[in-house]
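The next block holds one structure in the form of structure tokens; read it before the comments.
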Amino acid sequence: MRVLGIETSCDETAAAVVTEGGDVLSDVVRSQVALHAPYGGVVPEVAARDHARAVVPVVREALARAGVAAADLDGVAVTSRPGLAGALLVGLQAAKGLAWAAGKPLVGVDHLVGHLLAVFLRRDGAPAPPAPPASDERPAFPYVALLASGGHTAIYRVDGPSLGAIRELGATRDDAAGEAFDKVAKLLGLGYPGGPVVDRLAAEGDAAAAAEAVPAVMARKESLEFSFSGIKSAVARHVAKRGRPEGQALNDLCAAFQGAVVDALVQKTVRAARSEGVERVVLAGGVAANRGLRAKMAAACARRGLALFVPPFASCTDNGAMIAYAGALRLAAGERDTLDLAPETRTALPRVTRKGGGPR
Ligand code: KG4
Ligand code: ZN
């Protein structure tokens with residue numbers, strides 16, 4: 001089975017052709033980062049307009065690189081939720097048009113399910129993840145997945161690929177982890193998106209030297225929920241009082257901030273695996289590129305006998321391949337959607353954590 005996947009939920013216009021077995025035949029990602037950078041974050045209307053310009057050429061390129069014509073496809077998968085409504089709409093309309101014209105089945109994919117299954121993608125010649133060695137085999141179900149991106153941060157138990165087999169164990173009550181990186185980077189004058197820059201500076205810093213500026217992100221130790229707005233405010237207060245640090249002091253502050261965020265992500269993920277009695281841990285989302293997170297998660301998993309699976313970077317960040325693959329599994333299960341498929345801003349996965357509030 002060869003399935004085209006289209007992703008436009010946020011600030012990447014992406015399309016890919018993937019087989020039911022997860023082989024990536026093509027994967028085209030056109031980032032809008034430069035477009036949103038002057039605003040320090042994604043501007044929804046700008047995103048939607050740019051998707052509208054880019055989606056057809058991106059889809060054409062994905063088909064061409066895979067050496068596949070629309071007539072050869074077995075289906076068209078598209079991110080239908082969660083995301084920015086206007087941005088999602090562009091991908092949906094493109095997918096519907098193509099599916100209708102080529103007479104192919106259409107399936108909507110929940111973006112978060114795509115991220116959670118991205119570990120199964122097989123890419124030829126993908127560069128090895130920067131650090132540290134993780135098993136390159138694919139995990140078996142069940143696994144506990146930490147999904148940490150600019151838009152989402154949550155821990156899931158994944159018993160299978162369908163919506164009903166995925167359960168949120170805890171999520172952030174406020175900012176996503178990547179959002180916290182981006183906001184802190186903005187406060188420090190490091191540009192957008194901030195995660196990669198903070199990661200790089202943190203590697204040169206000494207977390208202990210700036211520990212007093214940054215509180216631990218572990219409000220309620222026993223809970224699997226996160227909160228990152230406190231640490232962001234602490235950095236804001238620090239900068240307001242002392243000014244923007246430079247040189248080594250900047251590196252130290254980045255190290256302390258990153259260390260606190262990573263500690264919370266690692267401790268809660270490992271605790272979730274233990275309390276669920278699950279032996280496999282999977283990383284997903286753009287923050288999975290963070291070298292501090294990879295190193296600490298690998299060490300914590302090794303200590304507790306958990307197998308860690310870290311997909312290559314191209315599978316962690318937003319991409320069309322994960323959508324194509326999740327869609328292929330839906331098609332293989334005999335599922336399909338009609339041309340009435342509409343965008344939804346929220347995920348279809350059940351939530352246990354309420355944003356801005358306590359547990360439900
Ligand atoms: O998954 P993604 O590409 O897009 C979504 O948000 O869905 O994730 C992007 C996020 C941004 O917030 C970016 O700052 C963060 O991932 N990020 C990182 C690193 N690389 C990307 N955060 C920390 N360390 C990194 N190396
Ligand atoms: Zn994403």
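Both counts, for ligands and for their atoms, begin at 1 and track the order of listing. Computation of the quantities below employed the complete heavy-atom set of this structure, encompassing side-chain atoms and omitting hydrogens, waters and symmetry-equivalent molecules.
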Measure the distances from the heavy atoms of P196 to every atom of ligand 1 and state whether one is below 4.0 angstrom. yes
Heavy-atom donor-acceptor pair, [X] side chain to [Y] backbone, under 3.5 Å:
X	Y	result
K268	E225	yes
R122	G21	yes
K96	L341	yes
R280	F309	no

Applying side-chain contact (heavy atoms from CB on, under 4.5 Å) between V144 and each of L306, V270, V278, report the one that passes. V278
[X] atom (N/O/S) at minimal separation from the Zn ion (ligand 2):
X	answer
D318	OD1
H115	NE2
H111	NE2

Pair D50 + R30, salt bridge at N-O below 4.0 Å: yes
Tell me, which protein residue and heavy-atom name are nearest [atom], and how many Å apart are they?
atom	value
atom 21 (C) of ligand 1	G286 O, 3.5 Å
atom 12 (O) of ligand 1	D182 OD2, 2.7 Å
atom 10 (C) of ligand 1	G150 N, 3.5 Å
atom 15 (C) of ligand 1	V287 CG2, 4.0 Å
atom 24 (N) of ligand 1	N290 ND2, 2.9 Å
atom 26 (N) of ligand 1	D199 OD2, 2.8 Å
atom 4 (O) of ligand 1	D318 OD2, 3.5 Å

Return a yes/no value for T317: is any of its N or O atoms, backbone included, closer than 3.5 angstrom to an N or O of ligand 1? no
Could you tell me whether the Zn ion (ligand 2) has an N, O or S atom of C10 under 2.8 Å away? no
Please find out if less than 6.0 Å separates the ring center of F257 from that of F181. yes
Identify, by atom number and element, the atoms of ligand 1 in contact range of G178, meaning under 4.0 Å from any of its heavy atoms. 12 (O)
If we count only N and O atoms by modelled type, under 3.5 Å, do the side chains of E7 and S9 hold a donor and an acceptor together? yes
Heavy-atom closest pair, residues A185 and V198: CB-CG2, 4.0 Å
Can you figure out which of G151, G41, S149, G195 has its heavy atom closest to atom 25 (C) of ligand 1? G195
With under 30° as parallel and over 60° as perpendicular, where do the rings of F120 and F141 fit, or are they tilted in between? tilted
